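This report concerns only the one structure given below.
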Amino acid sequence: MRRENELAEWVVRSEVDIETGGEDESREHLLSIPATEEKVTHAKISIQGLDRFSDEGVRILMSVSLQIGAGQIVGIIGPSGSGKSTILRAINRLWEPPSGTIFVDGEDITKQSVVSVRRRCGMLFQTPTLFDGTVAENIRYGPSLAGEKLTDKRVEELLKAADLDPTFGSKSVIGLSVGQAQRVALARTLANEPEILLLDEPTSALDPVSTKHIEESVLDLNRNRGLTVVFVSHSLEQVRRLADVVCLVANGEVLEVLKPSDLANATHPVVREYMAAAS
């Protein structure tokens with residue numbers, strides 16, 4: 001039992017530390033995300049020829065290249081097992097990408113400390129993981145690692161940013177709904193003041209009301225703070241509600257990049273098959 005408890009604690013701390021802190025095979029998939037008219041962008045995230053292989057040597061990502069503009073919301077969709085989350089996790093260095101493949105503001109993330117990368121690129125997972133204790137204690141965890149103690153007022157501001165009541169901080173995390181826990185996890189991620197928010201299917205386990213709360217928080221953070229957001233989703237409706245542009249991924253390749261309004265005009269046969277099945 002002691003071993004199980006230690007393992008459970010290690011898993012929680014690991015996930016919290018991550019939060020905090022064409023058909024032509026020769027085609028180069030260097031796709032620039034089109035800038036939306038209302039947002040002036042530069043390349044916040046640059047992915048250049050990113051490959052990923054399994055332990056058995058199976059290729060998971062195939063020379064993925066993308067230019068994501070600052071302040072944009074980018075949705076990544078595609079079949080299960082296509083490499084969507086693998087792309088997301090490389091940006092956060094949950095797995096170590098090769099040197100010279102991922103840049104944030106022109107800086108190679110492999111040349112920076114993992115802690116600094118994860119503080120700049122906050123990540124929210126499908127299932128929230130919280131420590132025992134109060135909501136406020138969870139939110140204060142990340143900054144405390146850097147020797148910073150958040151004031152009660154700052155905790156209240158973070159709760160409000162995550163669409164929770166500012167007085168929620170004194171509550172125990174025990175008994176929280178999944179939707180409430182996910183919003184606490186969002187507030188905890190925001191406590192590190194990230195420039196980029198990475199969302200790996202953050203609402204897939206939530207009811208429609210909780211999903212609406214998370215989506216509204218993401219849109220507000222993008223509008224008010226200029227956060228660059230990259231999210232993975234299986235919901236075409238969610239992509240249409242949130243994304244400025246959509247990246248369509250299949251078999252480890254970025255096949256098309258479109259505006260949500262142009263999804264019906266996708267031309268790649270694999271993408272068209274996926275769109276037909278998902279509609």
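No hydrogens, no waters, no symmetry mates; every other heavy atom, side chains included, goes into these values. Sequential numbering from 1 along the given sequence is applied to the chain's residues. This one's a predicted model, so the numbers in the text were calculated from it and none came from an experiment.
Using a 4.0 Å cut-off between a side-chain N of Lys or Arg and a carboxylate O of Asp or Glu, Asp105 and Arg120 qualify as a salt bridge. Using a 4.0 Å cut-off between a side-chain N of Lys or Arg and a carboxylate O of Asp or Glu, Arg140 and Asp152 qualify as a salt bridge. A salt bridge links Glu237 with Arg240; the closest basic N to acidic carboxylate O contact falls under 4.0 Å. With respect to Glu195 and Arg119, no salt bridge is recorded, no charged nitrogen being found less than 4.0 Å from a carboxylate O. With salt bridges taken as basic N to acidic carboxylate O contacts below 4.0 Å, one links Asp220 and Arg223.
The side-chain heavy atoms of Leu199 and Val230, taken from C-beta on, include no pair separated by under 4.5 Å. Considering only heavy atoms from C-beta on, Phe53 stays 4.5 Å or farther from Leu61 through its side chain.
With no hydrogens or angles considered, a side-chain donor-acceptor pair links Ser46 and Gln67 at under 3.5 Å.
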Open item on the list: Pair Ile91, Val117 - check side-chain contact (heavy atoms from CB on, under 4.5 Å), show working.
Closed with: CA-CA 8 Å; Ile91 300 171; Val117 170; over 6 Å; no
Open item on the list: Please evaluate residues Thr203 and Gln238 with respect to the criterion side-chain hydrogen bond (donor to acceptor under 3.5 Å, both in side chains), reporting the C-alpha separation (whole Å), side-chain torsions for both, the decisive distance (0.1 Å), and the verdict.
Closed with: CA-CA 10 Å; Thr203 64; Gln238 182 172 68; 2.8 Å; yes
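Proximity of a side-chain donor or acceptor of Asp200 to a complementary backbone N or O of Ser85 within less than 3.5 Å is not detected. Side chain of Asp51 to main chain of Ser63: a donor-acceptor pair is present (N/O by atom type, distance under 3.5 Å, no hydrogens or angles).
Clustering ILVMFWY residues whenever any of their side-chain heavy atoms sit less than 4.5 angstrom apart, transitively, puts Leu219 in the very cluster that holds Leu221.
Applying the 6.0 Å contact sphere to CD of Glu107 captures more than 12 heavy atoms from other residues, nucleotides or ligands. The local environment of CG in Asp108 is crowded, with over 12 non-hydrogen atoms from other residues, nucleotides or ligands closer than 6.0 Å.
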